[in-house]
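Read through the structure below, which is laid out as structure tokens, and then see the notes.
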Amino acid sequence: MLDHIEPELIPGTEILLASDQGYGRHSSSNEELVLVPTPSDQPNDPLNWSTGWKSTVIINQAFFVFISVLTPLSIAPLTPIFMQEFHKTLPQVNYLFGAAAISLGYTNFIIVPFSNVFGRRPAILICGLICVLANIWQALTTSYASFIGARVISGFGAGANESIMPMVIADVMFMHQRGLWMGLYFWAYFMGTFIGPIISGSIAAHISWRWFFWVCTIFQGVSLILMVFLSPETLYRRPDSTASDKSSSTGQTTPLESKVEVVNMTQASSDTEKAPSSISKSQQGSNDHVRSLPERPVGRPSKHQFSLIPKPEFEGKDLIFRDILAPIQIFSFPIILWAAFSLGFAANCLLSLNLTQSQVFAAPPYLFTPAQVGFVNFAFVVGGVIGLLTAGPISDWVSMRATVRNNGVREAEMRLVALVPYVCICLVGMTITAVGYQRHWPWQAVVVIGYGFVGIQVVSIPAILIAYAVDCYKHIPGQIMVTATIVKNTFGFGMIFYYNDWAVKDGFIPPVMMMMALTVGFTVIGMVVFMFWGKKFRRATMNSKLHTL
């Protein structure tokens with residue numbers, strides 16, 4: 001009888017825990033955490049940056065995401081004002097939202113390749129500048145046609161918030177930390193869509209709608225300045241780890257033949273600050289393949305990483321395949337396709353309420369002003385904070401517990417069980433909103449419970465889904481976000497053509513419950529399928545060139 005069977009290393013399967021009995025063998029004592037991906041020995045490697053620098057970079061990214069999404073997606077409370085000022089119908093005013101949403105999604109076909117050639121830093125600086133100029137244009141516009149054009153350009157700049165931050169998280173954070181930080185990304189994104197309508201409605205009520213765009217211009221300018229001085233380049237090519245990652249991804253070597261680095265589990269919470277100088281002698285004795293490693297430096301960005309003039313690195317055919325063909329090819333990967341559609345449906349639950357909130361609350365029996373319509377979005381904010389504080393930590397905790405039970409071997413699907421409470425929250429929140437809309441329930445029930453629960457799920461479900469997809473295909477986080485964004489924004493753009501008219505014709509229950517059914521049904525079906533057979537799907541795509549990019 002064999003004492004131990006080596007785990008099959010395919011994409012999405014990683015050895016995260018090691019003990020004095022060897023890698024992939026569970027022991028309750030002297031257990032250590034394997035760092036994935038493997039950092040280099042250079043202090044300017046983003047994986048080796050101090051916790052302070054990592055946090056600074058990601059928080060700056062989060063601020064950019066928040067403010068750049070706030071402008072294009074926060075005009076719902078201004079709908080009656082735009083209808084009167086530009087003499088347009090409700091569907092025509094909704095085009096102002098749709099123009100920004102569709103350009104925001106598809107511009108990532110340019111942003112992601114650009115950021116892989118020239119770096120994340122120049123991509124986000126250029127997009128930030130575009131956002132500033134587009135905001136000024138929107139503040140000064142005098143015609144509906146000009147406004148549409150400004151919204152399209154605004155979406156071009158804001159497109160970076162759909163892809164750059166997830167790529168930066170993958171650049172600077174180890175796999176076991178990404179759930180928390182991916183939660184911060186989605187929190188910042190949806191917080192912009194939550195708080196934006198509050199700001200826009202209040203400013204329009206007390207000053208004018210144009211001043212909303214001037215305020216956004218000021219905040220976007222501050223974000224741009226912070227990016228210049230506090231957001232160094234995170235794209236880093238480490239040839240040593242690339243070989244290891246590739247062998248691990250293709251499953252051609254055993255875990256004991258590849259170079260890995262470990263940290264003691266008691267230091268896991270601060271492994272970005274500390275690293276042991278070597279693996280213990282008892283481990284070396286139990287396994288001759290494990291190497292002693294030099295102490296991993298705790299570093300900081302170099303001056304070169306703050307350069308405003310990027311040095312492009314073209315990779316020929318690999319570049320064309322990775323950045324142009326990959327986002328199309330991965331639509332055929334079941335895991336990514338499911339994650340993209342589930343994320344899109346979950347996010348558009350929020351859109352369904354954004355599109356209808358003026359239609360509901362500005363009419364009898366509520367008769368809210370634009371400012372009051374904006375204030376109902378505070379419920380989304382509270383829900384989003386709850387989602388931020390729970391989704392990432394819970395998914396990381398659940399998957400780590402499952403890793404311990406699995407003898408230190410992490411399977412990407414271990415994260416999926418964390419979806420269960422948030423799917424239930426989505427079901428309850430959307431149902432209460434739909435019935436409350438239709439039957440004119442007290443606004444407190446609709447807003448506090450319905451909107452609050454939707455705010456929780458719209459941060460939590462996408463965060464867990466994308467963390468899972470990136471765990472399975474860790475070399476292409478940007479392309480995964482492109483795919484998810486295209487699905488989300490294309491579906492959302494289509495909603496503006498029929499959603500409000502459908503609500504007028506058949507009431508609010510059918511359209512709102514449709515979004516609930518799509519989100520809950522698609523997420524639950526995929527969760528069950530991939531929890532049982534996800535590894536088979538990953539094995540079927542393990543030889544794809546995407547794993548070596």
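Keep in mind that what you see is a predicted model, and the values were worked out from it rather than measured. Residue numbers run from 1 in the order of the sequence given.
- Within the 3.5 Å criterion, the main-chain N or O of A100 finds a donor-acceptor partner in the side chain of S103.
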- E162 and Y189: CA distance, side-chain angles, deciding distance, side chain to side chain donor-acceptor pair (under 3.5 Å) verdict: CA-CA 8 Å; E162 300 275 5; Y189 183 94; 2.8 Å; yes
- Item | Stepwise side-chain contact (heavy atoms from CB on, under 4.5 Å) test for V385 and W187 | CA-CA 7 Å; V385 171; W187 179 81; 3.7 Å; yes
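- Heavy-atom neighbours of Q84 CD from other residues, nucleotides or ligands within 6.0 Å: at or below the threshold of 12.
- A donor-acceptor distance shorter than 3.5 angstrom exists from the side chain of Q138 to the backbone of A134, with no hydrogens or angles considered.
- Between I58 and M173, some side-chain heavy-atom pair lies under the 4.5 Å cut-off.
- Heavy-atom minimum distance, Q359 versus N500: OE1-ND2, 2.6 Å.
- Looking at every heavy atom in both residues, S115 comes nearest to M167 through OG-CE, 3.3 Å.
- A donor-acceptor pair under 3.5 Å is formed between the side chain of R210 and the backbone N or O of A139.
- For the residue pair S146/T141, the side-chain donor-acceptor check at 3.5 Å is satisfied.
- Among residues at least two apart or in separate chains, there is no side-chain hydrogen bond (donor to acceptor under 3.5 Å, both in side chains) pair with a member in residues 508-521.
- In this structure, the side chains of V376 and W443 stay at 4.5 Å or more apart for every pair of heavy atoms.
- No side-chain heavy atom of F219 sits under 4.5 Å from any side-chain heavy atom of L70.
- Here the shortest heavy-atom pairing between I394 and A418 reads CG2-CB, 4.0 Å.
- Under the 6.0 Å cut-off for aromatic ring centres, W137 and F147 do not qualify, their centroids lying 6.0 Å or more apart.
- With respect to K535 and E411, a salt bridge is recorded, a charged nitrogen being found less than 4.0 Å from a carboxylate O.
- The main-chain N or O of A204 is never found under 3.5 Å from a side-chain atom of S208 such that the two would form a donor-acceptor pair.
- The side-chain hydrogen bond (donor to acceptor under 3.5 Å, both in side chains) analysis of residues 192-204, with sequence neighbours excluded, yields no pairs.
- Between the SG atom in C131 and the CD1 atom in I124 there is a gap of 9.5 Å [rounded to 0.5 Å].
- Atom CD1 of I449 sits about 12.0 Å away from atom OG1 of T431, to the nearest 0.5 Å.
- The side-chain heavy atoms of I432 and F453, taken from C-beta on, include no pair separated by under 4.5 Å.
- A 4.5 Å side-chain heavy-atom check between V447 and W441 finds every atom pair outside the cut-off.
- Residue N161 holds its CG atom at 9.0 Å from CE of M481, rounded to the nearest 0.5 Å.
- Residue R121 holds its CZ atom at 13.0 Å from CD1 of I164, rounded to the nearest 0.5 Å.
- When all heavy atoms of T107 and G159 are compared, the closest pair comes out as CG2-CA, 3.6 Å.
- Side-chain atoms of F212 and V215, non-hydrogen and from C-beta on, never get closer than 4.5 Å to each other.
- Checked against salt bridge (Lys or Arg N to Asp or Glu O under 4.0 Å), R439 has no partners two or more places apart in sequence or in another chain.
- Using modelled atom types and a 3.5 Å distance limit, the side chains of N108 and T485 yield no donor-acceptor pair.
- Contact annotation: the side chain of V520 never approaches that of M430 to less than 4.5 Å [non-hydrogen atoms, C-beta and beyond].
- Outside the 6.0 Å centre-distance limit, the rings of F375 and F368 are not counted as a close aromatic pair.
- When each of I207, I203, N135, L140 is paired with W214, the side-chain contact (heavy atoms from CB on, under 4.5 Å) condition holds for L140 and for no other.
- Separation of atoms CZ (F530) and OH (Y468) is listed at 6.0 Å; rounding is to 0.5 Å.
- When side chains are defined from C-beta on, I102 does not count as touching V152, because their heavy atoms never get closer than 4.5 Å.
- Below 30°, between 30° and 60°, or above 60°: for F66 and F63 the angle between ring planes is below 30°, a parallel geometry.
- Among all heavy-atom pairs drawn from S68 and F64, the shortest one is OG-O, 2.7 Å.
- Interatomic distance, CZ of F186 versus CE of M165, reported as 10.0 Å (0.5 Å rounding).
- Using cut-offs of 30° and 60° on the angle between ring planes, the pair W209 and F213 is perpendicular.
- Taking the six-membered ring for Trp and thresholds of 30 and 60 degrees, Y499 and W502 have ring planes more than 60 degrees apart, a perpendicular arrangement.
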- Start with the C-alpha distance between L226 and S231, add both sets of side-chain angles, then the distance that settles side-chain contact (heavy atoms from CB on, under 4.5 Å), and finish with yes or no. CA-CA 7 Å; L226 290 175; S231 285; over 6 Å; no
- Query: Where do V446 and F361 land on the side-chain contact (heavy atoms from CB on, under 4.5 Å) test, with the steps shown first?
  - Reply: CA-CA 11 Å; V446 177; F361 291 113; 4.1 Å; yes
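- Annotation: side-chain hydrogen bond (donor to acceptor under 3.5 Å, both in side chains) contacts involving residues 375-392, sequence neighbours excluded, comprise Q357-N377, T390-Y422.
- Applying the salt bridge (Lys or Arg N to Asp or Glu O under 4.0 Å) rule to R415 yields the partners D396, D471; only residues at least two apart in sequence or on another chain are considered.
- Side chains of Q92 and Y144: no donor on one and acceptor on the other come within 3.5 Å.
- The backbone N or O of T56 lies less than 3.5 Å from a partner atom in the side chain of N60, making a donor-acceptor pair.
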Show me the side-chain donor-acceptor pairs of residues 330-353 shorter than 3.5 Å, one per line, residues at least two apart or across chains.
from, atom 1, to, atom 2, distance (Å)
S332, OG, Q329, O, 2.6
W338, NE1, S342, OG, 3.1
W338, NE1, F522, O, 2.9
S342, OG, W338, O, 3.2
N348, ND2, G344, O, 2.9
N348, ND2, K488, O, 3.1
S352, OG, C349, O, 2.6

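- Here the closest non-hydrogen pair linking V373 and S358 is CG1-OG, 3.8 Å.
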- Task: Take L419 and L465 through the test side-chain contact (heavy atoms from CB on, under 4.5 Å) and record every step on the way to the result.
- Result: CA-CA 8 Å; L419 286 169; L465 290 170; 4.1 Å; yes
